[in-house]
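As the structure is a prediction and not an experimental result, all values here were calculated from the model. All residue numbers in this chain count up from 1 along the given sequence.
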Amino acid sequence: MKKIILFTLYLLPVLLLIGFVANFSVNVPIDDEWRLANLFEKIATGNVNFNDFWALHSNHRIVFPKIIIAVLAFASRWNINYQLCLSIGLAVITFIAMYSLSSMQVKKTGDDSWHLANILTCILVCSLVQYENWLWGFQLAWFFVNLCFVAAVYALLSNHKLLPSLKISIAAVLCFIASFSLAQGLLSWLAAIPAVVALEGNVAEKRKRLILWILLFFATCAVYSIDYHPSRKTSIISLLNKPLVVIDYFLSLLGSPIVRLSGISAFVGLLIFASFGFFVWYFGDKILSSDLGLGGDGHLARPTSPLGWRYQALPWLSIGLFSVLSALFITAGRAEFGAIQAIESSRYTTNSILLLIALVQLGQLFFAGKIATKNRNYKVVYRLLAGLLIGIIIVNSGQAIAQSRSALIYKQGGQDCLQLIKYLEPSDFFNNSTESCLSVLSKKTWLVRDGAAILDKIGWRKFDKNVEFISNSQKVYGYLDKPQTSEKSFKAAGWAVFPQNKKQPNIVLLSVGDRQSFFANAYVNLDSPDIAKTLKSELYNNARWGADLSGNDLPIAQTEIKAWVYNPVDNQFVQLRGG
């Protein structure tokens, strides 16, 4: 019975994550993904070469993620959900590797702290605070790099009877792959140094391995720098002139998985960083010396040995160090945007969470080690801290769900716009407005149009054509209020529904005169209790829409505005009444 309960507790975070992604994912490319369309076209036409994978992408060399995404894209006609599923799979495998690292510790009879630490680790790995990465297929690179590094640490420190040279070779391959998946991957070489030094052997052997490892790191950096011409450069000197801004950003980044409030995040980050520093001091004593608590057969020292306990902390010290180095790297590139950017960008938490996981595991070892002999209440203290962390994760998960739900209508509207892109005029609104449904897909809307043309050419997406325009529908799909106009702007508003249909429209499209094309859109997401009451259905609680447009948005000097909804069932644009 106990095993079933434990298995359920381990499985529950994964199931909740799968449910979250299933409910809030939208099968449409977003932002950076559109820059891969040219690569897919070259592959489809047989004109691809290594340089297409080697080319920089936002100052990163993402050779391996490009290969992975390309394989998934061609296998699924670029169904983004395949990438999201892989992200989940990578995270689960990362947890399994962490569980295996933790299993090298001795589980005391009747002591549930070990399982509590690993359940917390699973919860953090699957935490919804990373919602941007969970719902953006392109971000699988973050999960992939984390997996490569954790696997490298496991290869170096596992109890498997492999030759040290083979362990180093496996770890080096994994760090090399990480290096060419994200720029942060280069840091994996540095963070793994303690694990490399910890391999069994005499002092001379350890020095040789360390020198070899450092040489491999520099060689990787040299390869990485070939034809490296970043589009966006960071001035280290300018950052040094603003030390408080840099420190605020760095600490906010570390604290963002716990709390995302200006000032408070930096304070929490300081506590996290200080806690890790304490554990480095506590466990690090003698850990890099020639005597690492290893027996003559190369296995871990006896758990009763204080040094043995410290050795078991080594994987988590390396993982925590990788997280800290990654945070410093991100800070160097992003601090100029201010700490608010560190707090609001949930995609960075995928690296920051590794430090929390390290603290959870190090804390378990700390309370179960020498402290246990002095204070028998260590279990209570650890459980209280674990409970507090779980409560924080639950609160953050609720916030992530709320933010993802509010963003869903915009992503779905963007998906609709992509489907109807052949009917969207190159107007000032669609090209430049933040309210444009194309801007949800990318601020550079020309990338979306070019990418859509490529997807149409290679046959991966079917874009609606020959849609019928219905001006006088027998059913009422909604109304367009009389536009409020002025010399420089006008406001279009109204309400829109799909009568007797559970799925409701995401957007309304606006046209001028008799044109069978659209110059602007509006989202159908405003409160409308009056409409719901009149039509006697809660489906219409958010049926109102509104758009504030400037005179420049009008493609011609004409003020006859018409509003339409797209009925995908009948492949029709249906005009809203009124106006």
Practice prompt. Take Thr350 and Gln130, measure what side chain to side chain donor-acceptor pair (under 3.5 Å) needs, and give me the verdict at the end.
Written response: CA-CA 6 Å; Thr350 299; Gln130 312 164 83; 2.9 Å; yes

Practice prompt. List the steps and the verdict of side chain to side chain donor-acceptor pair (under 3.5 Å) for Gln361 and Thr121.
Written response: CA-CA 8 Å; Gln361 294 288 348; Thr121 297; 2.9 Å; yes

Item to complete: Go through Arg260 and Ser252 one step at a time and tell me if the side chain to side chain donor-acceptor pair (under 3.5 Å) criterion holds.
Response: CA-CA 8 Å; Arg260 301 172 71 183; Ser252 296; over 6 Å; no

Practice prompt. Determine whether more than 12 heavy atoms belonging to other residues, nucleotides or ligands lie under 6.0 Å from atom CZ of Phe50.
Written response: yes

Discussion item. Please report the interatomic distance CZ(Phe329) to CG(Asn351), rounded to the nearest 0.5 Å.
Written reply: 10.5 Å

Worksheet item: Pick one: which of Phe267, Phe278, Phe279, Phe250 meets ring pair (Phe, Tyr, Trp, His ring centres under 6.0 Å) with Phe273?
Response: Phe250

Discussion item. So, taking the atom named OG in Ser169 and the one named CG in Leu174, what distance separates them when rounded to the nearest 0.5 Å?
Written reply: 11.0 Å

Discussion item. Return the CD1 to CG distance between Ile67 and Leu39, rounded to the nearest 0.5 Å.
Written reply: 9.5 Å

Item to complete: For Gln83 and Glu33, run side chain to side chain donor-acceptor pair (under 3.5 Å): C-alpha distance rounded to whole Å, both residues' side-chain angles, the deciding distance at 0.1 Å, then the answer.
Response: CA-CA 11 Å; Gln83 295 168 224; Glu33 287 171 319; 3.2 Å; yes

Response to the item:
Output for pair (Ile170 CD1, Ser165 OG), nearest 0.5 Å, gives 9.5 Å

Discussion item. To the closest 0.5 Å, what do you measure between OG (Ser102) and CG (Asn118)?
Written reply: 3.5 Å

Worksheet entry | Separation of Ile123 CD1 from Leu389 CG (nearest 0.5 Å) | 8.0 Å

Item to complete: Establish, yes or no, whether a centroid distance under 6.0 Å links the rings of Phe143 and Trp134.
Response: yes

Worksheet item: Does the ring center of His57 lie less than 6.0 Å from the ring center of Phe138?
Response: yes

Worksheet item: For Val145 and Gly185, which heavy atoms make the closest approach, and how far apart are they?
Response: CG1-CA, 4.1 Å

Worksheet entry | Output field: ring centroids Phe64/Phe144 closer than 6.0 Å | no

Fill in: Output field: ring centroids Tyr228/Trp54 closer than 6.0 Å
no

